[in-house]
Amino acid sequence: GVQTCALPICSTLSGSIRGMSARQVRIEARVGEAWRLVVTVPVRRQGAFATPVELPVAGGYDVRARVGRVTSDVVRITAR
């Protein structure tokens, strides 16, 4: 189904995983020194995924994608 953001600060985080047959990707955010699960997103054909991201307050957020033990590079999201 279509997901919508309930908060005023909203964006879409998207990407793709190549060379893996995963059905889901975990989106994680750094909280202090730890990584916490934000949402699990289904993976579409060709490894593509996308999800709305709700940001509670303005500021910077570090996020990454994880499939099993493999993680993406960290992406910095800035909400204004």
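- The shortest non-hydrogen separation linking Gln24 to Val67 is O-CG2, 4.1 Å.
- Thr12 places none of its side-chain heavy atoms less than 4.5 Å from the side chain of Thr51.
- In this structure, Arg66 is not positioned above the aromatic face of Trp35 in the sense of NZ or CZ being under 6.0 Å from the six-membered ring centre and within 45° of the axis.
- Under the 4.5 Å side-chain criterion, counting only non-hydrogen atoms from C-beta, Arg26 is in contact with Leu37.
- Across Ser16 and Phe49, no two heavy atoms sit closer than the pair N-CE2, 3.6 Å.
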Check: Can Val25 and Thr40 be said to form a side chain to side chain contact (heavy atoms under 4.5 Å, CB included), step by step?
Finding: CA-CA 6 Å; Val25 61; Thr40 301; over 6 Å; no

Next item on the list: Mind running side chain to side chain contact (heavy atoms under 4.5 Å, CB included) on Val75 and Asp62 for me, showing each step along the way?
Entry: CA-CA 6 Å; Val75 176; Asp62 291 334; over 6 Å; no

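- Using a 4.5 Å cut-off on side-chain heavy atoms (C-beta onward), Val63 and Val38 make no contact.
- Annotation: Arg76, atom CZ; neighbour count of heavy atoms from other residues, nucleotides and ligands within 6.0 Å is above 12.
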